[in-house]
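These numbers come from the heavy atoms of this one structure, side chains and all, not from hydrogens, waters or symmetry mates.
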Amino acid sequence: MAEALRIERRDAEAAWPEVEALATIVYTPEMAAHDEWHDVVWSHAHKWVLGYLGDALVSVAGIHQREIDVNGSECLVAGIGGVKTHPEHEKHGYSTAVLDETNLAIAETIAPQFSLIFVEEHNRPFYEKRGWRVFDGTVMVEQHGKQVAFQESSVMLRDGASAAPQSGTIDLKGRPW
């Protein structure tokens with residue numbers, strides 16, 4: 001019988017050493033050097049949702065919260081970033097369990113108008129099956145002190161307190177997650 005996944009919510013500072021250790025396993029230096037995101041400067045999560053098998057961290061997702069500008073209007077948005085699962089534990093539903101807990105934590109603590117995630121193209125079907133939709137517009141982010149259009153990946157949105165926009169311009173007023 002497979003061991004059950006234990007899920008914990010933690011503040012960013014307390015979780016970071018474990019998250020960073022998992023990141024070095026998932027994104028080896030060789031892989032990161034050729035990754036489309038290797039030059040992106042990311043914001044830090046406010047909270048982390050961590051999935052454990054025994055004492056081993058196998059899957060994580062970061063939670064972000066920010067006031068942003070959507071088509072000229074301010075709104076509260078939640079972001080999910082830093083989603084990763086240990087390569088030896090992929091395809092067992094651990095990412096889904098961690099994301100489900102992440103969405104629950106967001107609904108309970110932030111109640112955003114909608115949620116936003118940046119995904120690599122090959123991961124789009126995974127997120128589409130979980131209620132996320134591709135945003136057909138422009139997302140502005142801060143990179144190296146400048147506002148730029150983020151073009152390194154797909155931007156996907158999920159409804160929250162209101163329906164997520166389908167197009168237009170989103171200004172994150174800061175770094176991507």
message: Check the orientation of His92 and Tyr94. Use parallel for under 30°, tilted for 30 to 60°, and perpendicular for over 60°.
response: tilted
query: Within a strict 4.5 Å, meaning less than it, do heavy atoms of the Phe135 and Arg133 side chains meet?
result: no
For Asp159 against Ala164, the heavy-atom pair lying closest together: OD1-N, 2.8 Å
- request: Quick one: pull up SG in Cys75 and CZ in Arg66 and give me the separation to the nearest 0.5 Å.
  value: 12.0 Å
query: When rounded to the nearest 0.5 angstrom, what distance separates CD in Gln113 from CD in Glu74?
result: 10.5 Å
query: Would you say Leu157 and Leu104 are hydrophobically clustered, going by side-chain heavy atoms of ILVMFWY under 4.5 Å?
result: no
message: Looking at Glu67, I'd like to know if its CD atom is crowded, meaning that more than 12 non-hydrogen atoms belonging to other residues, nucleotides or ligands lie closer than 6.0 Å.
response: yes
message: Under the criterion side-chain hydrogen bond (donor to acceptor under 3.5 Å, both in side chains), I'd like the reasoning laid out for Glu121 against Ser154: C-alpha separation, chi angles, the key distance, then a yes or no.
response: CA-CA 6 Å; Glu121 283 299 313; Ser154 291; 2.3 Å; yes
query: At their closest point, which heavy atom of Ala15 faces which heavy atom of Leu50, and how far apart are they?
result: CB-CD1, 4.0 Å
message: On a heavy-atom basis, which atom in Pro87 and which in Ile25 lie closest, and how many Å separate them?
response: CD-CG2, 3.9 Å
- prompt: Do you know the tightest heavy-atom contact between Ala161 and Ala111?
  reply: CB-O, 4.4 Å
message: A side-chain contact here means heavy atoms from C-beta on lying under 4.5 Å apart; do Val139 and Leu172 qualify?
response: yes
- prompt: Between Trp48 and Glu8, does a side chain to side chain contact (heavy atoms under 4.5 Å, CB included) hold up when you go through it step by step?
  reply: CA-CA 8 Å; Trp48 285 95; Glu8 297 180 10; over 6 Å; no
query: Between His46 and Gln65, is there a donor-acceptor pair closer than 3.5 Å when you use the side chain of the first and the backbone of the second?
result: yes
task: Answer yes when Glu108 and Arg9 have at least one side-chain N-carboxylate O distance shorter than 4.0 Å, and no when they do not.
output: yes
message: Does the Lys NZ or Arg CZ of Arg130 fall within the cation-pi geometry relative to Phe126 - under 6.0 Å from the ring centre and within 45° of the axis?
response: yes
- request: Report the C-alpha distance between Thr138 and Thr169 in whole Å, list the side-chain angles of each, state the deciding distance to 0.1 Å, and finish with yes or no for side-chain hydrogen bond (donor to acceptor under 3.5 Å, both in side chains).
  value: CA-CA 5 Å; Thr138 302; Thr169 301; 4.8 Å; no
- request: Verify whether one side chain among Asp171 and Gln147 offers a donor that lies under 3.5 Å from an acceptor in the other.
  value: yes
message: Does any part of the side chain of Arg158, heavy atoms only, come nearer than 4.5 Å to the side chain of Trp132, both counted from C-beta?
response: yes
- prompt: Taking atom CE of Met156 and atom CD1 of Ile117, what is their separation to the nearest 0.5 Å?
  reply: 8.5 Å
- prompt: Is the shortest heavy-atom distance from the side chain of Ser59 to the side chain of Tyr52 under 4.5 Å?
  reply: no
- request: Output the distance between atom OG1 (Thr96) and atom CD (Glu101), rounded to the nearest 0.5 Å.
  value: 13.5 Å
- request: Kindly indicate whether the side chain of Ile63, heavy atoms from C-beta on, has any atom under 4.5 Å from the side chain of Ile80.
  value: no
- line: In short, Asp39 meets His144 closest at the heavy-atom pair O-NE2, 3.6 Å
message: Counting C-beta onward and ignoring hydrogens, is there a side-chain heavy-atom pair between Phe118 and Asn123 closer than 4.5 Å?
response: no
field: Geometric class of the His64/Trp177 ring pair [parallel <30°, tilted 30-60°, perpendicular >60°]
entry: parallel
message: Between Arg10 (side chain only) and Val49 (backbone N and O only), is there a donor and an acceptor less than 3.5 Å apart?
response: no
query: Out of curiosity, Glu90 CD to Ser95 OG, how far, rounded to the nearest 0.5 Å?
result: 7.5 Å
- line: CD of Glu20 to CD of Glu18, rounded to nearest 0.5 Å, is 11.5 Å
- prompt: When you look at Val26 and Thr85, which way does the side chain to side chain contact (heavy atoms under 4.5 Å, CB included) test go after all the steps?
  reply: CA-CA 7 Å; Val26 174; Thr85 297; over 6 Å; no
task: Check Gln143 against Val41 and note the closest heavy-atom contact, atom names and distance.
output: NE2-O, 2.7 Å
- prompt: With hydrophobic residues grouped by side-chain heavy-atom distances under 4.5 Å, do Met140 and Ile170 end up in a single group?
  reply: no
query: Given the rule in the side chain to side chain contact (heavy atoms under 4.5 Å, CB included) test, do Val77 and Ser115 qualify, once you have shown the distances and angles that lead to the verdict?
result: CA-CA 6 Å; Val77 69; Ser115 296; 5.6 Å; no
Intermediate values then yes/no, side chain to side chain contact (heavy atoms under 4.5 Å, CB included), Arg175 and Val141: CA-CA 5 Å; Arg175 295 176 180 166; Val141 301; over 6 Å; no
- prompt: Going only through I, L, V, M, F, W and Y residues with side-chain contacts under 4.5 Å, is there a path from Val83 to Val134?
  reply: yes
field: Basic-acidic side-chain contact under 4.0 Å: Glu142, Lys173
entry: no
